[in-house]
Structure formats: C-alpha cells, structure tokens
Amino acid sequence: MARAEAAGIRVDMEYMETKHAHLTRQMAYQEKKFKESKFFKDWEKSQGKEPNMNSPVQLATFLYGVMKRKPPKLTKSGKGSTDKETLTSLNIPELNYHLEAKKLKKIRDYLDAFKREQVDGWMHTNFNLHLVSTFRSSSDKPNFQNIPKRDKVAMRATRQALYPRKGHQLLEVDYGQLEVRISTCVNKDPQLIHDILKGDMHADMCKEIFQIKNFDNNNKDHHYLRAATKNGFVFPEFYGDYFKNCAEALACQWGELPKTRWKAGQGVEFEGKHLSDHLIAQGFTTLDKFTLHLKKIEEDFWGKRYKVYARWKEKHWRQYQKDGYIEMLTGFRCQGVMSKNDVSNYVIQGPAFHCLLWSFIRLDEFIREYKLNSRIIGQVHDSIVFDVHPDEREELIKLVRDVTTVLLPKAWDWIQIPLDVDFEICGVDESWAEKRKLEV
DNA sequence: GGAACTCGCCAC
DNA sequence: AAACGTGGCGAGTTCC
C-alpha cells in the first residue's frame, strides 16, 4: 500500500481550475433561481435573516416547524429528514433548484479535495489497513475509494481531473461478485454456487416478485426490473435487510409508485402500460399487499432456495454467542459486541478484501521482480488500479489474470469457487473518465 | 476554541 | 425481536 501511495496519481490543475469556475457559475445560477422563489423568501422571513442553504437543521425547522409539513421520512435520530428523496416527495418545485445546487457543490467538493491534497500536480492518497472493523481497508486525504462512478455527470467532472504518468494509461481490474462468491466458502450453499456459476438469481427473483411469466432480458422493461430486483431485493437481503424495506424500495424507489393506493397509469413503463397496471392486474392494489407478497418471497428465499446459507447464519450466530468472537477464513478474529447482521457480514467482507489484498501484494512483487515501468496506484476493496506503460500492457493483463484467478485459489485452499475478473482501460494519456470495458 | 455529534452523500 | 454491512468527508451544530 505504501508503494501505491508513493506512486500517486497525476492531477490536471488546469482542468480543475476551469471546471471549478464552471461549476461555481452553474451553482450560482441555481442558487439565484432558488433565492428568487417564494419558498425561499418565506424561509428568510421566518428566520429574520438569510437562511444557510447548507444547513439541514434550518431547512427542517422551516419545513416541519414553520410550514407544518408532515415529514415524509425521519432521520436516524427521529427528526424530519431533508435528504434528496424526502425533499422530492414534498413536491415543492422550488426545491429542485436547491437540490441541483447541492449536487453541483458535491462535485466541486471533490475537485477542492484533489487540489488541496496534491503536491506539484501529484496526489498521494492514504490507504489504511488498521481502521476498519471488518479488516477491510479505508482511504483518505483524499478518499480514493468514493470517487463518483454511477452518475455520469459527476463521474466525468471528477475523473477528468485524474491522469496516469505521461505516455502511460490507467487500467483497473475488478473481481466480479467477489463478496457473494466468498460467502459460499463459508456457507457452502449448493443453490447459491449453482446460481453464481450457471444461473441468474436476479432474473429468477424478478419473475417471482413482479409475476412475469415470459421473462426476457432483452425486453428493456424486464431488464430494468431485474436491476431493481438485484439492488432492491437480492443484495439487501444478503446484507440482512428484510421484506418491508425491500417492498417499499422496489415499489416506490424503483417502480416510482406512491405509498398510497395504486391507480392505473402509475409508475415506470411496463409492456406498453405502467407498472401499476401490471401489479393491479396481479392483485396488488396497495403497497401493503405487495409487502405481504414480499414477505412470502423472503420466506421462500431463505427457507427453501438458500436454506443452507440460512442454516449457516444461525449456526454461526450461536457460535459467536458461545465464544464471544468470530474468526475469518483468513485467520483474523473479531471480538466485541456485534449484531446478528454484523456477525454474518464481517466474515464475508473481510476475507473478500483479503483476496484483493493477496493479489495486490503478489502483483506488486511481480512488478518489482520484472522491473516493470508500470505501477499499482490504488485499490477500491475489490479492484486494483494500475498506471501502465503501453509496451507492458498485454504482459501485465495476463499476469493479473493469472494472479487473481489461478495463483490466489492455489494459495488458499478454502477458496472453493472459481473467481472471475473484469478489466477496464483508458487510452494512453487519457483521463480516468475515459475508462471503458476491455474485452480480453 | 476545539471536540464530538448530526446529517447527507459518495464508494464498495 | 429486529430490521442493510463497511468507510470518508463537508458543513452545521452542540457540548465542554
């Protein structure tokens, strides 16, 4: 890790200055529109001075104290929430300016951090191996592990600042489904192993949840609901969430349906109509009925489909209660007060990262042994980022594949499932925003 | 005046 | 009975 920190990543100071100014202008426009609104003027009047737009407390006081709106959602400590989802559901159009300004600021904050942390145009982030309860890593100054990726605007704006050495290119290797695969090494669930290697658990659950008889992944509506199922049911269930949260996430967040009684023509598009038309036809006229349906799906998920996994969870939990600690396949021990979810998640998250760490160390050794000009410059839990010399690219890709999928399972005999990696690459002298899938 | 907490949001 | 795991960080706010 220290060698990756020392290698560092190049930042484009000129781009950051231009983009910073650009974002500031865009923010100023959105803020101006917001400040002109009746909503903002009422807020200002109620406070007797200019409200601080960065203060969730001031906004919550106005919305829920002065305006007497009913909080659609509460924070962890039980106060009215002001997050994006909540503000959107309040249906106050003026707040969209505020949300847009906040989004732009968030992007600008990344550039501020890059600029603050760089030295002579080089950024050397820290990778910590001693801070995380599960024996994962963390990263800071700046955090290399949370640079925007899904939101295309934020992704481009931030990653366009980050470059390899002159004449080099950035390469990222990513373990596919690492945590789920490693989970089978402790739970030994045959159905889960089958689904990972040959099946499609997300499609299977999607069919059941949304009652789709002729599921087709090439149908874009089906494809969308499959992604919704993956992110709104399967993953949350694996981490220990339960049917009520999943039902609401699927219906309201992904399906864009209301929490009240469903009517025709609501929600995302589905087979020429809308999701509500389809769900009502299946007998789900309210979120409550859909929730009850999810309860049954969950019972089947853990009681039948992945019953071996479920039995492991119970056994593992009893073992922790007896011993007062848990042990990982990689030999690390966690002690102290842990919840049931913690106990099953820790022993998966930790060893999954240790697979990455072993590969990282071995590849670093090879790079030094072969005196390559390429460098490892970072790591994001299940991926490694390289700064590659083009002449070494093909050799390095072969080496990476060998280390991550052959040598690692050879070194640790408890890895009883094939591992798989994906590659993403940028062109020579291109920024990290240009990365695209590499077909190998 | 700094430490500690809260909220919100980015990543895996 | 309980109810999604791990972080970092900006910014506001409260505590001491």
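Remember, it's a predicted structure, so these values are computed and weren't measured experimentally.
Within 4.0 Å of A:Arg108, counting heavy atoms only, lies no atom of the nucleic acid at all. The residue A:Lys79 sits close only to the backbone: its heavy atoms come under 4.0 Å of sugar-phosphate atoms, none of a base. A:Ile348 comes within 4.0 angstrom of nothing in the nucleic acid, heavy atoms only. Nucleic acid contact for A:Asn345: sugar-phosphate only, since backbone atoms but no base atoms lie under 4.0 Å from a heavy atom of the residue. Here A:Phe144 lies out of heavy-atom contact (under 4.0 Å) with every strand. Residue contacts for A:Glu179: at a heavy-atom cut-off of 4.0 Å it reaches no nucleic acid atom on any strand shown. Note on A:Asn52: only backbone sugar-phosphate atoms sit closer than 4.0 angstrom, heavy atoms only; bases stay farther off. Residue A:Lys84 is in sugar-phosphate contact alone, with no base atom involved, counting any heavy-atom pair closer than 4.0 Å across all strands shown. The residue A:Ser339 sits apart from the nucleic acid: no heavy atom pair falls under 4.0 Å. Counting non-hydrogen atoms under 4.0 angstrom, A:Thr82 reaches the backbone sugars and phosphates but no base.
Judged by atom type and distance alone, A:Lys106 reaches the base of B:dC9 through a side-chain donor-acceptor pair under 3.5 Å. Applying the 3.5 Å distance criterion, the base of C:dG5 shares a donor-acceptor pair with the side chain of A:Gln349.
Ring geometry, A:His354 versus A:Phe135: the interplanar angle falls from 30° to 60°, so the pair is classed tilted. Relative ring orientation between A:Trp312 and A:His316 is described as parallel, the plane-to-plane angle staying below 30° on a 0-90° scale split at 30° and 60°.
Using a 3.5 Å distance cut-off with no hydrogens or angles, the side chains of A:Thr61 and A:Gln47 do not pair a donor with an acceptor.
Of the residues in residues 118-142 of chain A, those with a non-hydrogen atom less than 4.0 angstrom from any atom of DNA chain C are A:Leu131, A:Val132, A:Ser133, A:Thr134, A:Arg136, A:Ser138, A:Ser139, A:Asp140, A:Lys141.
When each of B:dG8, C:dA3, B:dC10 is scored by its nearest atom to the side-chain atoms of A:Tyr242, the top-ranked nucleotide is C:dA3. Nearest to the side chain of A:Asp83, among B:dC9, C:dG8, C:dA3, sits B:dC9. Nearest nucleotide to the side chain of A:Asp109, out of C:dG10, B:dA11, C:dT13: C:dG10.
Of the options A:Tyr97, A:Phe62, A:Phe34, a ring-ring contact (aromatic ring centres under 6.0 Å, His included) to A:Phe40 is made by A:Phe34 and by none of the others.
At C:dG5, none of the side-chain N or O atoms of A:Lys340 fall inside 4.0 Å of OP1 or OP2 (strictly under the cut-off).
In summary, A:Lys103 and A:Asp151 engage in a salt bridge, as defined by a charged side-chain N under 4.0 Å from a carboxylate O.
The ring of A:Phe301 has its center closer than 6.0 angstrom to the ring center of A:Tyr306.
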Please step through ring pair (Phe, Tyr, Trp, His ring centres under 6.0 Å) for the pair A:Phe210 and A:His293, ending with a clear verdict.
CA-CA 10 Å; A:Phe210 293 102; A:His293 171 58; 8.6 Å; no
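Closest-nucleotide positions on DNA chain C for A:Tyr346 and A:Phe243 were compared, and the one nearer the 5' end corresponds to A:Phe243.
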